[in-house]
Amino acid sequence: MSTRTTRDWQTADTSHHLHPFTDFKSLAAKGTRVIVKGDGIYLWDSDGEKILDAMSGLWCVNVGYGRQELIDAATAQLKQLPFYNSFFQTTTPPAIELAELLAEVTPPQFRHVFFSGSGSEGNDTVVRMVRRYWDVLGQPERQIIISRNNAYHGSTMAGASLGGMGGMHAQGGLPIPGIVHIEQPFWFEHGQAMTRDEFGLRAARWLDEKIREIGPAKVAAFIGEPVQGAGGVIVPPDTYWPEVQRICDEHGILLVSDEVICGFGRTGQWFGCETFGFRPDLMTFAKGVTSGYIPLGGVMVGERIAKVLIDQGGEFNHGYTYSGHPVACAVALANIRVVQKEGLVERVRDELGPALAERFAELAEHPLVGEAQTCGAMGALQLVRNKAKSESFASELEVGMVCRGHCFGNGLIMRAVGDRMIVAPPLVMTLEQVDEMAGLIKRCLDLTLKDVKQRGWM
Ligand code: PXG
């Protein structure tokens, strides 16, 4: 164990490490937080502070920290064979077994998987594969992929292009050609004049309008997260996805579900598309497949596409060094077996999800909260200036960051997306721990309210 102090760590970090999505200079002035240990749903920092991790690392540590089954699987595979590739007509047993198990736990249209190292790489694979599919079918003019504003699909050139984050598009010449965006199904922001169900249909029809504007023969696919995660846990109305499915079917375009956050039980079914009742042709996954213990991602390829690529496609010129990495696949196998053995998907559906929904309904009564939404083991609280009028704070006040600061100081990790405070705790969180988390959230909301009033913002 290292004897370096927090200050030492921070100085070395600032000297050499550029963090993702970070203003380097302002972080250097503040100093980063150094996390040194995890157990269950808790983390410890280099000052010995215990923190309740209501974000599962980064939406991924679904089985909790410190699981021996995953550690053993990694150790055994590292000893047996730490690496071999799946290029050039070779493969390894863990990659084969994981492909088999994924075919079992995913919806029935999926029999094949293409492995990547991350969710972003998975979505790059989606772009390559969707366009290749239409090429092979003799419709190369079908190039355009439709996505949504405020979507998050990763940070590679294709992932960030599919994503609908303006701040990302503004850097590096994005989006790449052939990717267009429609508005997101965010009722609080865009739909309050309608019922949620009416708005769900309206939002889905933005897709139909965009397809007709472009010309259906030029559209390759539509991609969406079942619930937008990084965008702020935006749970769409129940009417949204079935209508999106109908529209994709009507125009014959491919439907892609980005399940990087929603997959492997987060929504209370194995995959978010099952919770929301749609049938994707492709499904991106990462994060929860290994509970984040080791990087792994991939794309489930529906038989509609797999058949064409296998029977008529010839060589598919795409792949990554770490596609099917044996250690990552061994950890994924152990992780999925834990999810199965402990019935974590059913647990989210029957126990954790309902408990979270109940606690969030109570938090919705708080004077700062304008909307509370949950879906399975994720939840969002929209902070507002005027509850009765659903009136938001000016965005430059960064009230979400003020609240996040109080979480930070009170042993709670919660994400702020604008003024939306979000959680996605490990699926193993007990009901007592749900109460503990809700108590901490309530305390942080009270502190934020006091703070905001003192600043004269409310
Ligand atoms: N799709 C979705 C839906 C995601 O949430 C990715 C793709 C990209 O995965 P990789 O493994 O390439 O990062 C993600 C990642 C946040 C946050 O701030 C969310 C993600 C990543 C980083 C930060 O909530 N999601």
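For clarity, every value in this text was computed on a predicted model and none was experimentally measured. Counting starts at 1 for both ligands and their atoms, in listed order.
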Side chains of R148 and Q184: is there a donor and an acceptor less than 3.5 Å apart? no

Inspect the surroundings of CZ in R404 and state if more than 12 heavy atoms from other residues, nucleotides or ligands are less than 6.0 Å away. no

Is R443 atom CZ crowded by more than 12 heavy atoms from other residues, nucleotides or ligands, each under 6.0 Å away? no

Please list the nearest protein heavy atom to atom 20 (C) of ligand 1 with its residue and the distance rounded to 0.1 Å. K287 NZ, 3.4 Å

Identify, for atom 2 (C) of ligand 1, the protein heavy atom at the shortest distance, and state residue, atom and that distance. Y152 O, 3.3 Å

Closer than 4.0 Å to some heavy atom of E225 - which atoms of ligand 1 meet that? 3 (C)

T321 versus N85, closest heavy-atom pair with distance: O-CB, 4.4 Å

Assess, by modelled atom type and distance only, whether the side chains of Y84 and T91 contain a donor and an acceptor separated by less than 3.5 Å. no

Is the CZ atom of R131 crowded by more than 12 outside heavy atoms at less than 6.0 Å? yes

Give a yes-or-no answer on whether the side chains of R266 and S56 include a donor-acceptor pair shorter than 3.5 Å. yes

In ligand 1, which numbered atoms sit nearer than 4.0 Å to a non-hydrogen atom of D258? 1 (N), 2 (C), 3 (C), 7 (C)

Which residue and heavy atom of the protein sit nearest atom 22 (C) of ligand 1, plus the separation: L58 CD2, 3.5 Å

Logged contact type for V417 with ligand 1, heavy-atom cut-off 4.0 Å, is neither

The closest protein heavy-atom partner of atom 16 (C) of ligand 1 is R415 NH2, 3.1 Å

Side chain, backbone, both or neither: the part of E121 lying under 4.0 Å from ligand 1 by heavy atom: neither

Answer yes or no: does atom CG of D238 have more than 12 heavy-atom neighbours from other residues, nucleotides or ligands under 6.0 Å? no

Looking only at distance, does H153 have an N or O less than 3.5 Å from an N or O of ligand 1? no

Side-chain donor-acceptor contact under 3.5 Å, S291 with N62: no

Which segment of F21 sits under 4.0 Å of ligand 1 when only heavy atoms are counted: neither

Would you mind listing which atoms of ligand 1 come within a distance below 4.0 Å of any non-hydrogen atom of W59? 16 (C), 17 (C), 19 (C), 24 (O)

Is the cationic atom of K50 (NZ for Lys, CZ for Arg) positioned less than 6.0 Å from the six-membered ring centroid of W44 and within 45 degrees of its normal? no

Element-labelled atoms of ligand 1 that are located less than 4.0 Å from some non-hydrogen atom of A230: 16 (C), 19 (C), 24 (O)

Output the list of atoms in ligand 1 that are nearer than 4.0 Å to some heavy atom of S118, sorted by atom number. 11 (O), 12 (O)

Flag S120 as yes when one of its N or O atoms lies below 3.5 Å from any N or O atom of ligand 1, and as no otherwise. yes

Check each atom of ligand 1 against the heavy atoms of G119 and keep those under 4.0 Å away; list them by number with element. 8 (C), 9 (O), 10 (P), 11 (O), 12 (O)

Cation-pi between R33 and F408: NZ/CZ under 6.0 Å from ring centre and within 45° of the ring axis? yes

Report the part of N123 in contact with ligand 1, treating N, CA, C, O as backbone and CB onward as side chain, heavy atoms under 4.0 Å; options are side chain, backbone, both, neither. side chain

Check this for me - ligand 1, G154, N or O atoms closer than 3.5 angstrom, yes or no? no

When you measure from atom 5 (O) of ligand 1 to each heavy atom in L296, I261, T284, which option holds the nearest one? I261

